[in-house]
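By convention in this document, chain letters (A, B, ...) are assigned in the order of the sequence lines, proteins followed by strands, and residues within each chain are numbered from 1. Heavy atoms only: backbone and side chains are in, while hydrogens, waters and symmetry mates are out.
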There are 2 protein chains.
Amino acid sequence: MHGISLDRYDLAILSALQKNSALTNSELGERVSLSPSQCSRRKARLEAEGVIKGYSARLDATSLGFGLRAITRVNLKAHGESMDDDFVTLLTKHAMVREAYSVSGDADYVLHIIAKDLTAFSDFIHHHLLPHPNVTQVRSEIILRSMKEEQGLPVEGG
Amino acid sequence: MHGISLDRYDLAILSALQKNSALTNSELGERVSLSPSQCSRRKARLEAEGVIKGYSARLDATSLGFGLRAITRVNLKAHGESMDDDFVTLLTKHAMVREAYSVSGDADYVLHIIAKDLTAFSDFIHHHLLPHPNVTQVRSEIILRSMKEEQGLPVEGG
DNA sequence: TCCTTTTGCGCACATTCTATGCACTATTTG
DNA sequence: CAAATAGTGCATAGAATGTGCGCAAAAGGA
């Protein structure tokens, strides 16, 4: 923590906005027992301090035709800054790779992939990921069902 | 797709709002070449149809003291509706488990966990997850670094 | 093809919301 | 303790939203 101090009002605001950022300052104020103008000011401060990084619409995958999600674990042959950069550039170029983490454990990277269907997913794996010169192993788990999906961080304040 | 038809304006609106839902209708209109009022109407329609599920603030983990993220894979001993329900109830009860997916592959479930620190994470694993009667195996990968994090779905529209 | 109906559009504007000055209160600092 | 600073709600100017309206465009039917 870099000296940013958040009181219980801040935390309640953050929690409420993480769940629903379309709340008006008035609605927010009702939830956290502050006036609308104070909510506006605190919100602005939290934005300025980078605690709130931004706001996003949450979209329905099915409506948009995205029928497949997968968690894909990748191992690389060798590591070095340019090698990893090259691999990461590949990931960055493909919109279906939504998240990519370097991890400790069996795998080097864990990817979260969202594709239209199995064909699109398979195409990416076989035509782009596996042929990459530094990729030695790719293991994918298709998401069958989502049991829990909470937005963002475990902030409690509401 | 349930007969919802989205034209290129809709897709552009969705893409823009997924990236930044704080855009005014006026700003949005500039991006997609429609009037502010038309943006307002389309947005309302997309919300009513469930294509837009809601809006969320994106919060900075470090500012809020969350220093550890992990991808945790879990295997269960036996499966059945009541057994899985019991396990899922456990996951639902713990705010640090942000996502939980039933998957095909080596593991039965993949969890995305966000904790304050290693102690909190380890506490959950050792005091809650591993002791669960139906849990046979737990393998965790700590996220060392995020290489890519795109919000939501790979919607392209401008 | 033409005519009718339906849908989508921007304009204008009433209503709602936001952001900020102000005066007061509460908290912190020296 | 007094002075300075920070936080607060009220009031309000300006910005934004949402909706009626008339027109244009698209769809449907003969």
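- Every side-chain hydrogen bond (donor to acceptor under 3.5 Å, both in side chains) that Asn75(A) has, sequence neighbours left out, goes to Arg139(A).
- Shown here are the side chain to side chain contact (heavy atoms under 4.5 Å, CB included) partners of Pro154(B), two or more places apart in sequence or in another chain: Phe66(A), Ala95(A), Arg98(A), Ile114(A).
- Note: CG (Leu34(A)) to C1' (dG7(D)) measures 10 Å, nearest angstrom.
- Leu28(A) places its CG atom 16 Å from the C1' atom of dG9(D), with the value rounded to the nearest Å.
- Distance Arg42(B) CZ to dT17(D) P: 17 Å, rounded to the nearest Å.
- With sequence neighbours excluded, the residues that form a side-chain hydrogen bond (donor to acceptor under 3.5 Å, both in side chains) with Arg69(A) are Glu149(A), Tyr101(B).
- By the side chain to side chain contact (heavy atoms under 4.5 Å, CB included) test, Ala78(A) pairs with Met83(A), Asn134(A), sequence neighbours left out.
- Taking the side chain to side chain contact (heavy atoms under 4.5 Å, CB included) definition, one finds that Asp85(B) meets it with Glu81(B), sequence neighbours left out.
- Using a distance-only test at 3.5 Å, with no hydrogens or angles considered, a donor-acceptor pair links the side chain of Gln18(B) to the main chain of Leu153(B).
- Partners of Lys43(B) according to the side-chain hydrogen bond (donor to acceptor under 3.5 Å, both in side chains) rule, which considers only residues two or more places apart in sequence or in another chain, do not exist here.
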Original post:
Reading DNA chain C 5' to 3', how would its secondary structure be written in dot-bracket notation, given Watson-Crick and G-U pairs with both distances under 3.5 Å, brackets [ ] for crossing pairs and | for partners on other strands?
Top reply: ||||||||||||||||||||||||||||||
Original post:
Can you give one letter per nucleotide of nucleotides 16-29 of chain C, 5' to 3': B if a protein heavy atom sits under 4.0 Å from the base, S if only from the sugar-phosphate, - if neither?
Top reply: -SSBBBB-------
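- Leu130(A) forms part of a hydrophobic cluster together with Leu68(A), Val74(A), Leu76(A), Phe87(A), Val88(A), Leu90(A), Leu91(A), Met96(A), Val97(A), Tyr109(A), Leu111(A), Ile113(A), Leu118(A), Phe121(A), Phe124(A), Ile125(A), Leu129(A), Val135(A), Val138(A), Ile142(A), Met147(B), judged by ILVMFWY side-chain heavy-atom separations under 4.5 Å.
- At whole-Å resolution of the value, OH in Tyr9(A) and P in dT8(D) are 7 Å apart.
- Taking atom CG of Asp7(B) as the reference point, atom C1' of dA25(D) lies 14 Å away to the nearest angstrom.
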